[in-house]
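Taking it in order: structure first as structure tokens, then the write-up.
Chain letters run A, B, ... following the sequence lines, proteins first, then strands; residues in each count from 1.
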Amino acid sequence: MSIYDALNPNQLEAVLHTEGPLLILAGAGSGKTRVLTHRIAYMIEEKGINPWNILAITFTNKAAAEMRERVDKIVGFGSEHIWVSTFHSSCVRILRRHIDKLGYDNNFTIYDGDDQKSVIKDVCKRLNIDTKIYKERSILSAISSAKDELTGPDELMLQSTGDYAKKRIAEAYKEYQNILRSNNALDFDDLIVKTVELFLHNPDILEYYQDRFRYIMVDEYQDTNTAQFKFVSLLASKYRNLCVVGDDDQSIYKFRGANIYNILNFEHEYPDAKVIKLEENYRSTKTILNAANGVIHQNRGRKDKTLWTANDQGDKIRFLQFNSEYEEAMGIVEDIAEKVKNKEAAHSDCAILYRTNAQSRVFEEKFVIKGIPYKIVGGQNFYQRKEIKDLLCYLKTIDNAQDDIAVKRIINVPKRGIGLTSMNKVDAYALSHELNFYDALKSAKDIPTLGKTADKISGFVNLIQVLRSKLEFISLPQLMQEILEETGYVKELEADGSEEALGRIENIDELVNKAIAYEDENENPTLSGFLEEVALVADIDSLDNANDKVVLMTLHSAKGLEFPYVYMGGMEDGLFPSYMTIIDDDAQELEEERRLCYVGITRAMKQLTLSCAKSRMIRGMTQSNAISRFIEEIPEELMEMNQVIERKKRGEKMIDTIKTRKPYETSSETLKSNSGPSSLNRRTVHKNSDFFNKPYSGVDAVTGNNQKTALEYGVGDTVRHIKFGIGEVINIIDGGKDYEVTVNFEKFGVKKMFAGFAKLQLI
DNA sequence: CAGCCATATCTTTTT
DNA sequence: GATATGGCTG
């Protein structure tokens, strides 16, 4: 009896195949982590491979920690020598040692999204870019995409001949890189790009790591981008022992540059690759799996496979329609409360998944009201909160005052009477004397226009210098305490006294605790080391099952996780699939949304509940959305639907529990769960209830105005669309609730859209 | 320079 | 609805 006996034949084959390229197509819940961990164990214990020579790359720190833990359990020794880490932290580790070869300082700082935004603002100011026309966001995302594809600023410039917008972006890109360079900072994308650059320019360094990492494994391979692919393939090119695991059906990060062809074309890139499919699912019931299959089979661009399971049929998929997002939240929260009350489930067995972070708010309210413990993952990361960033920027400034962004953030926090005009004067001085911002601050006395503010600035510089001089004598937590005391940061919050301020103080305490933990865990802790660790954590990393809490998160964050009871809220066209993918009419984007839906469904082990609201507030406007098209793609015999029961009396439960619920139809016959004739014939439902009607947006449910308004344009007219610009109307179809308008846009070609959504203007 | 109020724009997803 | 920006006042 060995640990490998528990594997199915395909899993075993993957475990035993240790030499040469290997592609494991692992469907959701098919035990890929088990395969990876056993494969590592097999390599170490049976093949005598040195753990030192193994690199395993995951997507999140959480996944990395889990994998290490599981390997640890089955391997007697040596698992601590395996490199298990994310792309980003692997690259940071390499760059910390060698980035001086690229002319950076080895204690570079890492910029997050907020920092990037500050930089790009500065860039736009310097280059006189009108941010009304070129949005900071879109410039940043263009830069990011370029980096994902390993395209540098000069190369982008060459590509931009004749395209003015692209040229401006290339200029911005160049300036952006200059600023990062002089701040000795890298953004997330740079971490990968610079490592690749390092390898390409320094064959000796590359070879060192090739020899070091003779066996490489990459998890979630479908979500790698071109730069990450290059990183991996450079490392693997000497020994070719590259094992990638992924599922093209779970590729949901195209917006972040993920290149699905990395997995689809793996066999092309490595013709000698062994391909193994894992199609047996151990996680979900037959019902859940069939629902997932029903949805994903609508996609065209995918590798053919069908997941199956030997598990029970299980409960039907529940579909609940509510009147509003408030009722939706209450309905789900009450359902969970009842499960817990009946001892059917623990809080932590339940997860609520949604498309957008904004949806978490209503749920949170209801959880607070009911006193149910919950945890929201994502949204604003702990390390992005104001108070945390402030404190971190103090630390950054003490550690490395080259980072202008950090210095500028804290120079007037708390208020020191150093305002925007003074900052601009310092900036101008810094620019003309080729100093970085902090060094310019040091010479504040030499800047004549500053007047009295020069003293205030000297005070600040003094504070930093004093703190820095203490750095070698005191511990990190002590340093943080000093900062808080010297600046009066906490005092100010205490004086405020509001609930919000107290929350901030709690957060600060938590950060101090993290610093204490960091010092405990590391042999030679450094300030830079702490800042680095903190820069690369994702919110999901903090999720642990030890706390009995209901988990709320986006569908994206949920990838790789599983829960007995899964609730997917907001199953509405316009929300999920998102409004963008609908009006864009881009089949590829819609397929990505569908994969996201597939990911969500396959998180569920025992029971899946889908829900939607007839109307909900989106960005301050009440919208009525049609039921998500993905609902229609689930075979109807797997579904059980509710009827919304209006609240008759105050205090009465808004909806019945599912057991006594009537089918959606207005007939009085009760649905006997899991049996009886298929009375939920979709066509009937459609006819009786507008159930699967097309969206009719632009309708204000508050005023009850759901009359479509007459269109001010007709076929042949020229109209303007916010995103697509100018185009000619070529067709209009009366869709009952709304008009479907077909427009031929000058720049974007033919698009079909609903008049209520599109808000076309006659010109 | 800071604080207040008006307004404009926004989000889809994140290491 | 929530946040970021701009203009105004003290």
Side-chain angles (χ1 to χ4, degrees), chain A residues 57-64 85-92 110-114 116-118 121 131-132 135-138 140-141 144 147-148 186-192 220 223-225 227-228 251-258 325 353-362 365 377-381 383-384 386 412-424 450-453 456 535-541 553-559 570 574-584 589-590 592-593 595-597 599-600 616-623 722-723:
Chain A
I57 297 179
T58 60
F59 242 69
T60 63
N61 297 300
K62 182 180 194 288
S85 68
T86 63
F87 274 105
H88 295 274
S89 35
S90 302
C91 288
V92 170
I110 300 166
Y111 275 180
D112 69 9
D114 290 337
Q116 290 178 288
K117 219 174 144 195
S118 310
K121 266 185 189 164
T131 52
K132 287 260 161 16
K135 295 257 160 39
E136 283 119 343
R137 273 184 55 84
S138 50
L140 269 179
S141 85
S144 178
K147 289 183 179 180
D148 289 341
L186 302 184
D187 64 20
F188 285 126
D189 300 317
D190 280 340
L191 296 177
I192 318 285
E220 306 284 11
D223 287 327
T224 53
N225 62 34
Q228 290 163 333
S251 163
I252 54 173
Y253 282 109
K254 192 174 164 218
F255 72 93
R256 201 168 74 186
E325 73 267 38
L353 310 180
Y354 35 76
R355 179 66 235 272
T356 65
N357 281 304
Q359 286 166 258
S360 66
R361 274 188 59 94
V362 209
E365 264 170 40
V377 174
Q380 214 195 16
N381 184 317
Y383 294 102
Q384 289 170 332
K386 270 193 211 77
N412 203 25
V413 176
K415 299 270 177 289
R416 295 189 175 86
I418 304 167
L420 201 66
T421 24
S422 305
M423 303 247 300
N424 285 336
L450 275 177
K452 272 189 286 182
T453 357
K456 296 173 183 165
L536 293 175
V537 297
D539 208 34
I540 193 84
D541 297 335
M553 67 183 114
T554 61
L555 290 153
H556 282 90
S557 305
K559 196 177 61 160
L575 191 59
F576 187 37
S578 94
Y579 166 71
M580 292 294 191
T581 52
I582 295 177
I583 61 155
D584 268 21
E589 280 184 46
L590 191 63
E592 175 138 326
E593 294 275 303
R595 290 193 291 270
L596 193 54
C597 184
V599 167
R616 75 168 64 228
M617 182 92 87
I618 295 173
R619 292 207 307 271
M621 297 245 296
T622 305
Q623 283 196 2
I722 303 173
K723 187 171 167 192

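- For A:Gln384, the side chain to side chain contact (heavy atoms under 4.5 Å, CB included) test picks out A:Asp112, A:Asp114, A:Gln380, A:Asn381, with sequence neighbours left out.
- For the pair A:Phe188 and A:Ile418, both in contact range of DNA chain B, the more 5′-proximal nearest nucleotide belongs to A:Ile418.
- Each of A:Ile252 and A:Met423 lies near DNA chain B, and the nucleotide nearest A:Met423 is the one positioned closer to the 5' end.
- Applying the side chain to side chain contact (heavy atoms under 4.5 Å, CB included) test to A:Arg619 and every residue at least two apart in sequence or in another chain returns nothing.
- For A:Asn412 and B:dA2, the shortest distance from a side-chain N or O to OP1 or OP2 is below 4.0 Å.
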Under-3.5 Å N/O pairs linking protein and nucleotides 7-10 of chain C:
none

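- The side chain of A:His88 has B:dT15 as its nearest neighbour among B:dG3, B:dT15, B:dT14.
- Applying the side chain to side chain contact (heavy atoms under 4.5 Å, CB included) criterion to A:Glu589, with sequence neighbours excluded, gives A:Thr581, A:Asp584, A:Asp586.
- Of the possible donor and acceptor atoms, none in the side chain of A:Arg616 sits under 3.5 Å from a partner among the backbone N and O of A:Glu325.
- Listed nucleotides: C:dT5, B:dT14, B:dT15. Nearest to the side chain of A:Lys121: C:dT5.
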Would you list the protein and nucleotides 7-12 of chain B atom pairs, both N or O, that sit under 3.5 Å from each other?
| residue | atom | partner | partner atom | Å |
| --- | --- | --- | --- | --- |
| B:dC10 | OP1 | A:Lys135 | NZ | 3.3 |
| B:dT11 | OP1 | A:Arg137 | NH1 | 3.4 |
| B:dT11 | OP2 | A:Arg137 | NE | 3.0 |
| B:dT12 | O2 | A:Arg355 | NH1 | 2.2 |
| B:dT12 | O2 | A:Arg355 | NH2 | 2.1 |

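- Atom pair A:Glu136:CD and C:dT3:P shows a separation of 18 Å (rounding to whole Å applied).
- The side chain of A:Ser89 contributes no N or O atom lying less than 4.0 Å from OP1 or OP2 of B:dT15.
- Using C1' as the reference atom, C:dT5 and B:dT12 are 24 Å apart when rounded to the nearest Å.
- The main-chain N or O of A:Lys117 is never found under 3.5 Å from a side-chain atom of A:Glu136 such that the two would form a donor-acceptor pair.
- Scored by the side chain to side chain contact (heavy atoms under 4.5 Å, CB included) test, A:Lys135 finds A:Ser138 as partners (sequence neighbours excluded).
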